[in-house]
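Structure first, then comments.
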Amino acid sequence: MPELPEVEVVRAGLEPAVTGATISAVEVFEPRSLRRHDPARGAFIDQLEGQRMSAAVRRGKFLWIPLGPDTGTVATRALVAHLGMSGQVLLREPGSADEPQLRIRLHIEHPEHGELWINFADQRIFGSMAVDALIPTRDGLPAGQGSASPLVPSQVAHIARDPLDPGFSDAAFLAALRRKSTGIKRALLDQTLVSGVGNIYADEALWAARIHYAQQSSTLSPARSKILLREVRLVLAKALAEGGTSFDAQYVNVNGDSGYFSHSLNAYGQQGKPCPRCGATIVREQFMNRSSHLCPRCQKPVRRIASRTD
DNA sequence: AGCGAGCCCTGCGCGC
DNA sequence: TGCGCGCAGGGCTCGC
(Lines give C-alpha, C1' and ligand atoms only; values in the text may rest on other atoms or scores of the structure.)
Protein backbone atom coordinates (compact mmCIF):
# COMPACT_ATOMS: atom_id res chain seq x y z
CA MET A 1 0.00 0.00 0.00
CA PRO A 2 2.43 2.62 1.04
CA GLU A 3 4.64 4.24 -1.54
CA LEU A 4 7.50 6.67 -1.02
CA PRO A 5 5.52 9.53 0.57
CA GLU A 6 3.75 7.27 3.03
CA VAL A 7 6.96 5.45 3.98
CA GLU A 8 8.79 8.76 4.37
CA VAL A 9 6.07 10.02 6.71
CA VAL A 10 6.65 6.91 8.81
CA ARG A 11 10.44 7.33 8.71
CA ALA A 12 10.26 10.95 9.76
CA GLY A 13 7.94 10.06 12.62
CA LEU A 14 10.18 7.24 13.76
CA GLU A 15 13.42 9.20 13.61
CA PRO A 16 13.18 11.26 16.81
CA ALA A 17 11.77 8.33 18.77
CA VAL A 18 14.35 5.71 17.86
CA THR A 19 17.57 7.68 17.44
CA GLY A 20 19.66 7.00 20.53
CA ALA A 21 17.10 4.63 22.02
CA THR A 22 17.83 1.08 23.16
CA ILE A 23 15.74 -2.01 22.43
CA SER A 24 14.88 -3.63 25.73
CA ALA A 25 12.58 -6.42 24.55
CA VAL A 26 11.01 -7.83 21.38
CA GLU A 27 7.78 -9.76 20.94
CA VAL A 28 6.94 -11.61 17.73
CA PHE A 29 3.27 -12.57 17.46
CA GLU A 30 3.33 -13.59 13.80
CA PRO A 31 6.34 -15.55 12.52
CA ARG A 32 5.27 -14.94 8.89
CA SER A 33 6.16 -11.29 9.40
CA LEU A 34 9.80 -12.42 9.62
CA ARG A 35 9.76 -13.95 6.14
CA ARG A 36 12.61 -11.75 5.00
CA HIS A 37 14.73 -12.50 8.05
CA ASP A 38 17.49 -15.03 7.41
CA PRO A 39 17.77 -17.13 10.61
CA ALA A 40 21.23 -18.29 9.50
CA ARG A 41 22.47 -14.85 10.54
CA GLY A 42 21.07 -15.32 14.03
CA ALA A 43 17.71 -15.24 15.74
CA PHE A 44 15.68 -12.08 15.13
CA ILE A 45 14.97 -11.33 18.77
CA ASP A 46 18.48 -12.14 20.02
CA GLN A 47 20.03 -9.73 17.56
CA LEU A 48 17.79 -6.87 18.63
CA GLU A 49 17.56 -7.01 22.41
CA GLY A 50 20.08 -4.72 24.06
CA GLN A 51 20.94 -2.96 20.79
CA ARG A 52 21.11 0.78 20.38
CA MET A 53 19.37 2.36 17.39
CA SER A 54 21.25 5.15 15.65
CA ALA A 55 18.91 6.49 12.92
CA ALA A 56 15.82 5.88 10.79
CA VAL A 57 16.72 5.54 7.12
CA ARG A 58 14.68 5.05 3.95
CA ARG A 59 15.36 4.17 0.35
CA GLY A 60 12.30 3.89 -1.85
CA LYS A 61 9.76 1.90 0.13
CA PHE A 62 12.32 0.23 2.41
CA LEU A 63 13.02 1.45 5.94
CA TRP A 64 15.87 0.49 8.20
CA ILE A 65 17.33 1.30 11.61
CA PRO A 66 21.11 0.81 11.95
CA LEU A 67 22.04 -1.08 15.13
CA GLY A 68 25.10 -0.61 17.29
CA PRO A 69 26.06 -1.44 20.87
CA ASP A 70 26.75 2.20 21.71
CA THR A 71 27.46 5.64 20.28
CA GLY A 72 30.41 5.91 17.99
CA THR A 73 30.43 2.29 16.91
CA VAL A 74 30.01 1.80 13.20
CA ALA A 75 26.81 -0.14 12.64
CA THR A 76 27.20 -3.46 10.85
CA ARG A 77 23.58 -4.58 11.04
CA ALA A 78 20.18 -2.99 10.73
CA LEU A 79 16.58 -3.71 11.53
CA VAL A 80 14.89 -3.61 8.11
CA ALA A 81 11.16 -3.00 7.65
CA HIS A 82 9.02 -3.15 4.54
CA LEU A 83 5.35 -2.25 4.89
CA GLY A 84 4.16 -4.27 1.91
CA MET A 85 0.55 -3.48 1.10
CA SER A 86 -0.82 -2.96 4.59
CA GLY A 87 2.00 -2.52 7.08
CA GLN A 88 1.94 0.11 9.81
CA VAL A 89 4.60 1.23 12.27
CA LEU A 90 3.02 2.83 15.32
CA LEU A 91 4.56 4.53 18.35
CA ARG A 92 2.59 3.69 21.46
CA GLU A 93 2.74 4.29 25.17
CA PRO A 94 3.52 1.08 27.08
CA GLY A 95 0.28 -0.58 28.12
CA SER A 96 -1.68 0.69 25.11
CA ALA A 97 -4.32 -1.59 23.65
CA ASP A 98 -3.09 -3.88 20.86
CA GLU A 99 -3.89 -3.01 17.27
CA PRO A 100 -6.07 -5.65 15.58
CA GLN A 101 -3.26 -6.83 13.30
CA LEU A 102 -0.32 -6.48 15.68
CA ARG A 103 2.49 -8.73 14.43
CA ILE A 104 5.66 -7.54 16.18
CA ARG A 105 6.35 -5.25 19.13
CA LEU A 106 9.63 -3.62 20.12
CA HIS A 107 10.00 -2.24 23.63
CA ILE A 108 12.41 0.65 23.45
CA GLU A 109 13.90 3.03 25.96
CA HIS A 110 14.90 6.51 24.91
CA PRO A 111 17.21 8.60 27.15
CA GLU A 112 14.84 11.58 26.97
CA HIS A 113 11.44 10.21 26.01
CA GLY A 114 11.49 7.18 28.27
CA GLU A 115 9.85 3.87 27.42
CA LEU A 116 7.92 3.41 24.21
CA TRP A 117 6.44 0.62 22.18
CA ILE A 118 6.98 0.31 18.46
CA ASN A 119 4.07 -1.75 17.16
CA PHE A 120 4.32 -3.32 13.71
CA ALA A 121 0.79 -4.05 12.48
CA ASP A 122 0.10 -5.62 9.11
CA GLN A 123 -3.24 -6.93 7.89
CA ARG A 124 -2.07 -8.90 4.86
CA ILE A 125 1.40 -9.92 6.10
CA PHE A 126 3.05 -8.88 2.84
CA GLY A 127 5.23 -6.58 4.92
CA SER A 128 8.10 -7.78 7.07
CA MET A 129 10.82 -7.04 9.55
CA ALA A 130 14.29 -8.53 9.48
CA VAL A 131 17.76 -8.06 10.87
CA ASP A 132 20.19 -7.78 7.99
CA ALA A 133 23.86 -7.05 7.37
CA LEU A 134 24.85 -3.59 6.19
CA ILE A 135 27.07 -3.46 3.12
CA PRO A 136 28.68 -0.53 1.27
CA THR A 137 26.66 1.26 -1.39
CA ARG A 138 27.95 0.75 -4.93
CA ASP A 139 28.39 4.47 -5.53
CA GLY A 140 29.83 5.23 -2.11
CA LEU A 141 27.12 7.82 -1.48
CA PRO A 142 24.82 7.95 1.57
CA ALA A 143 22.48 4.97 1.36
CA GLY A 144 19.21 6.80 1.76
CA GLN A 145 17.15 9.50 3.43
CA GLY A 146 17.91 9.96 7.10
CA SER A 147 21.60 9.13 7.36
CA ALA A 148 24.93 10.14 5.87
CA SER A 149 26.20 6.57 6.14
CA PRO A 150 27.07 4.82 2.85
CA LEU A 151 25.86 1.46 4.20
CA VAL A 152 22.73 -0.28 2.97
CA PRO A 153 21.07 -3.51 4.13
CA SER A 154 22.03 -6.38 1.82
CA GLN A 155 18.38 -7.05 0.95
CA VAL A 156 17.97 -3.42 -0.16
CA ALA A 157 21.18 -3.19 -2.19
CA HIS A 158 19.46 -4.07 -5.49
CA ILE A 159 16.86 -1.30 -5.00
CA ALA A 160 17.54 1.85 -7.01
CA ARG A 161 17.74 5.25 -5.40
CA ASP A 162 14.46 7.14 -5.35
CA PRO A 163 13.79 10.37 -7.25
CA LEU A 164 13.95 12.50 -4.09
CA ASP A 165 17.42 11.13 -3.21
CA PRO A 166 20.21 13.65 -3.97
CA GLY A 167 22.26 10.71 -5.26
CA PHE A 168 19.65 9.77 -7.86
CA SER A 169 21.10 10.01 -11.35
CA ASP A 170 18.63 11.56 -13.78
CA ALA A 171 20.95 10.78 -16.67
CA ALA A 172 21.24 7.10 -15.79
CA PHE A 173 17.46 6.75 -15.38
CA LEU A 174 16.69 8.54 -18.64
CA ALA A 175 19.29 6.40 -20.41
CA ALA A 176 17.64 3.26 -19.00
CA LEU A 177 14.26 4.35 -20.35
CA ARG A 178 15.76 4.74 -23.81
CA ARG A 179 17.63 1.46 -23.63
CA LYS A 180 14.76 -0.67 -22.36
CA SER A 181 12.07 -2.25 -24.42
CA THR A 182 9.18 -2.08 -22.02
CA GLY A 183 6.01 -0.19 -21.20
CA ILE A 184 6.63 3.07 -19.38
CA LYS A 185 4.48 2.21 -16.39
CA ARG A 186 6.31 -1.07 -15.96
CA ALA A 187 9.56 0.90 -15.94
CA LEU A 188 8.22 3.32 -13.32
CA LEU A 189 7.22 0.40 -11.11
CA ASP A 190 10.57 -1.38 -11.58
CA GLN A 191 12.25 -0.71 -8.24
CA THR A 192 15.66 -1.50 -9.72
CA LEU A 193 15.34 1.46 -12.12
CA VAL A 194 13.72 3.98 -9.79
CA SER A 195 12.34 3.24 -6.35
CA GLY A 196 9.47 4.53 -4.30
CA VAL A 197 6.90 4.75 -7.09
CA GLY A 198 3.89 2.44 -6.81
CA ASN A 199 0.55 2.07 -8.52
CA ILE A 200 -0.96 5.34 -7.26
CA TYR A 201 1.88 7.70 -8.08
CA ALA A 202 2.74 5.97 -11.35
CA ASP A 203 -0.82 6.63 -12.55
CA GLU A 204 -0.75 10.19 -11.22
CA ALA A 205 2.60 11.03 -12.83
CA LEU A 206 1.57 9.49 -16.18
CA TRP A 207 -1.67 11.47 -16.08
CA ALA A 208 0.23 14.70 -15.34
CA ALA A 209 2.69 14.00 -18.18
CA ARG A 210 -0.15 12.91 -20.52
CA ILE A 211 1.52 9.59 -21.29
CA HIS A 212 -0.24 6.24 -21.83
CA TYR A 213 0.92 3.49 -19.48
CA ALA A 214 1.79 1.08 -22.29
CA GLN A 215 3.92 3.42 -24.35
CA GLN A 216 7.33 1.88 -24.94
CA SER A 217 9.83 3.71 -22.76
CA SER A 218 12.35 3.75 -25.59
CA THR A 219 9.95 5.74 -27.78
CA LEU A 220 9.65 8.64 -25.36
CA SER A 221 11.68 11.61 -26.50
CA PRO A 222 14.30 12.89 -24.07
CA ALA A 223 12.09 15.93 -23.51
CA ARG A 224 9.02 13.82 -22.69
CA SER A 225 11.05 11.57 -20.40
CA LYS A 226 12.34 14.59 -18.51
CA ILE A 227 8.81 15.92 -18.14
CA LEU A 228 7.69 12.56 -16.78
CA LEU A 229 10.52 12.43 -14.26
CA ARG A 230 9.68 15.97 -13.21
CA GLU A 231 6.02 14.98 -12.71
CA VAL A 232 7.06 11.93 -10.68
CA ARG A 233 9.05 14.18 -8.38
CA LEU A 234 6.26 16.73 -8.14
CA VAL A 235 3.58 14.22 -7.24
CA LEU A 236 5.78 12.47 -4.68
CA ALA A 237 6.75 15.76 -3.06
CA LYS A 238 3.18 17.06 -3.00
CA ALA A 239 1.86 13.84 -1.51
CA LEU A 240 4.61 13.92 1.11
CA ALA A 241 3.73 17.51 2.01
CA GLU A 242 0.12 16.41 2.53
CA GLY A 243 1.07 13.49 4.75
CA GLY A 244 0.59 10.75 2.16
CA THR A 245 -2.46 9.09 0.62
CA SER A 246 -5.04 7.46 2.90
CA PHE A 247 -8.12 5.76 1.48
CA ASP A 248 -8.98 4.10 4.77
CA ALA A 249 -7.43 3.30 8.13
CA GLN A 250 -4.84 1.06 6.46
CA TYR A 251 -2.40 3.88 5.84
CA VAL A 252 -1.49 5.97 8.85
CA ASN A 253 1.58 7.68 10.26
CA VAL A 254 3.33 6.59 13.47
CA ASN A 255 0.62 8.29 15.51
CA GLY A 256 -2.18 6.53 13.68
CA ASP A 257 -3.25 9.61 11.70
CA SER A 258 -4.26 9.62 8.03
CA GLY A 259 -2.76 11.71 5.21
CA TYR A 260 -4.72 14.02 2.95
CA PHE A 261 -3.38 13.44 -0.54
CA SER A 262 -6.36 11.25 -1.53
CA HIS A 263 -8.23 14.53 -2.04
CA SER A 264 -5.64 15.60 -4.62
CA LEU A 265 -5.77 12.51 -6.85
CA ASN A 266 -6.46 13.25 -10.52
CA ALA A 267 -6.52 9.75 -12.00
CA TYR A 268 -6.01 6.96 -9.46
CA GLY A 269 -9.36 5.66 -8.27
CA GLN A 270 -11.16 8.36 -10.26
CA GLN A 271 -12.75 6.05 -12.86
CA GLY A 272 -16.14 7.34 -13.92
CA LYS A 273 -15.30 10.88 -12.89
CA PRO A 274 -14.35 13.68 -15.27
CA CYS A 275 -10.71 14.30 -16.05
CA PRO A 276 -9.81 17.49 -14.12
CA ARG A 277 -7.97 18.72 -17.21
CA CYS A 278 -10.25 17.98 -20.15
CA GLY A 279 -13.49 16.61 -18.74
CA ALA A 280 -13.37 13.24 -20.48
CA THR A 281 -14.31 10.29 -18.27
CA ILE A 282 -11.40 8.67 -16.45
CA VAL A 283 -11.25 4.93 -17.10
CA ARG A 284 -9.75 1.97 -15.28
CA GLU A 285 -7.97 -0.72 -17.26
CA GLN A 286 -6.04 -3.84 -16.37
CA PHE A 287 -2.29 -3.67 -16.90
CA MET A 288 0.34 -5.88 -15.28
CA ASN A 289 -2.41 -7.64 -13.35
CA ARG A 290 -3.23 -4.33 -11.71
CA SER A 291 -5.53 -1.43 -12.28
CA SER A 292 -4.39 1.52 -14.33
CA HIS A 293 -6.35 4.74 -14.28
CA LEU A 294 -6.08 7.20 -17.11
CA CYS A 295 -7.80 9.83 -19.18
CA PRO A 296 -8.50 8.30 -22.60
CA ARG A 297 -8.35 11.71 -24.23
CA CYS A 298 -5.22 13.15 -22.60
CA GLN A 299 -3.31 9.88 -22.55
CA LYS A 300 -3.70 8.32 -25.97
CA PRO A 301 -1.76 5.18 -26.78
CA VAL A 302 1.16 5.87 -29.12
CA ARG A 303 1.38 3.34 -31.90
CA ARG A 304 4.56 4.40 -33.56
CA ILE A 305 7.60 2.31 -32.74
CA ALA A 306 10.37 4.56 -34.00
CA SER A 307 12.08 7.06 -31.71
CA ARG A 308 10.69 10.53 -31.57
CA THR A 309 12.54 13.78 -31.15
CA ASP A 310 9.87 16.29 -30.24
C1' DA B 1 15.56 -9.61 -21.87
C1' DG B 2 10.94 -9.14 -21.12
C1' DC B 3 6.71 -10.52 -19.50
C1' DG B 4 2.68 -12.94 -17.81
C1' DA B 5 1.24 -15.92 -14.22
C1' DG B 6 1.36 -17.40 -9.73
C1' DC B 7 2.21 -16.87 -5.10
C1' DC B 8 2.63 -14.79 -0.55
C1' DC B 9 -2.13 -12.98 2.69
C1' DT B 10 -6.51 -10.71 5.08
C1' DG B 11 -10.55 -8.23 4.81
C1' DC B 12 -13.77 -5.07 2.70
C1' DG B 13 -17.71 -3.88 -0.29
C1' DC B 14 -20.79 -5.37 -3.53
C1' DG B 15 -24.31 -8.08 -6.08
C1' DC B 16 -27.13 -11.87 -5.79
C1' DT C 1 -28.34 -12.72 6.53
C1' DG C 2 -25.08 -15.17 3.98
C1' DC C 3 -22.00 -16.30 0.24
C1' DG C 4 -19.02 -15.74 -3.52
C1' DC C 5 -16.48 -12.62 -6.12
C1' DG C 6 -13.49 -8.85 -7.18
C1' DC C 7 -10.66 -5.77 -5.33
C1' DA C 8 -6.64 -3.59 -2.57
C1' DG C 9 -0.95 1.02 -1.77
C1' DG C 10 4.16 -4.66 -3.04
C1' DG C 11 7.50 -7.79 -4.51
C1' DC C 12 9.58 -12.14 -5.55
C1' DT C 13 10.17 -16.36 -8.47
C1' DC C 14 9.26 -19.23 -12.16
C1' DG C 15 8.70 -20.49 -16.67
C1' DC C 16 8.16 -19.37 -21.82
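Lettering follows sequence order; numbering is per chain, from 1. Being a predicted model, the structure only gives us computed values, none of them experimental. As a basis for the values below, the full set of heavy atoms in this structure was taken, side chains included, without hydrogen atoms, waters or symmetry mates.
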Original post:
Can you check the N199(A) CG to dG11(C) C1' distance for me, whole Å?
Top reply: 13 Å
**OP:** Have a look at R290(A) and say if it touches a base, only the backbone sugar-phosphate, or nothing, with a 4.0 Å heavy-atom cut-off.
**Re:** base
Original post:
Can a salt bridge be assigned to the pair D170(A) and K226(A) using a cut-off of 4.0 Å between side-chain N and carboxylate O?
Top reply: no
**OP:** Quickly work out the R124(A) CZ to dG6(C) C1' distance and round it to whole Å.
**Re:** 12 Å
Original post:
Which dot-bracket notation, 5' to 3', represents the base pairing of DNA chain B when pairs are defined as Watson-Crick or G-U with both distances under 3.5 Å, crossing pairs as [ ], and inter-strand pairs as |?
Top reply: .|||||||.|||||||
Original post:
Counting N and O atoms only, with roles assigned by atom type, does the side chain of R52(A) sit under 3.5 Å from a partner on the main chain of L67(A), one being a donor and the other an acceptor?
Top reply: no
Subject >> Between dA8(C) (C1') and L265(A) (CG): distance, integer Å >> reply: 14 Å
Original post:
Does the side chain of T182(A) get closer than 4.0 angstrom to OP1 or OP2 of dC3(B) through an N or O atom?
Top reply: yes
**OP:** Determine the Euclidean distance between corresponding P atoms of dG6(B) and dG6(C); express it in Å to zero decimal places.
**Re:** 14 Å
**OP:** Round to the nearest Å and state the distance from H37(A) atom NE2 to dC8(B) atom P.
**Re:** 22 Å
Sort me out a list of protein N/O and nucleotides 12-16 of chain C N/O pairs below 3.5 Å, or just none if empty.
none

Original post:
Contact class for F247(A) vs. all strands (heavy atom < 4.0 Å): base, sugar-phosphate, or nothing?
Top reply: base
Original post:
Considering residues, nucleotides and ligands other than Y260(A), do more than 12 of their heavy atoms fall under 6.0 Å from its OH?
Top reply: no
Original post:
K180(A) side chain N/O closer than 4.0 Å to the phosphate oxygens (OP1, OP2) of dA1(B)?
Top reply: no
Subject >> W64(A) six-ring face occupied by R11(A) cation (under 6.0 Å, within 45°) >> reply: no
Subject >> Short side-chain N/O contact from H82(A) to OP1 or OP2 of dG11(C), under 4.0 Å >> reply: yes
Subject >> Cation-pi, W117(A) ring and R105(A) (6.0 angstrom, 45 degrees) >> reply: yes
Subject >> R35(A) side chain near dG11(C) phosphate (N/O to OP1/OP2, under 4.0 Å) >> reply: no
Original post:
Between the main-chain N or O of Q145(A) and the side-chain N or O of D165(A), is there a donor-acceptor pair closer than 3.5 Å?
Top reply: no
Original post:
Under the criteria of a ring-centre distance below 5.5 Å and an interplanar angle below 30°, is Y251(A) stacked with the base of dG9(C)?
Top reply: no
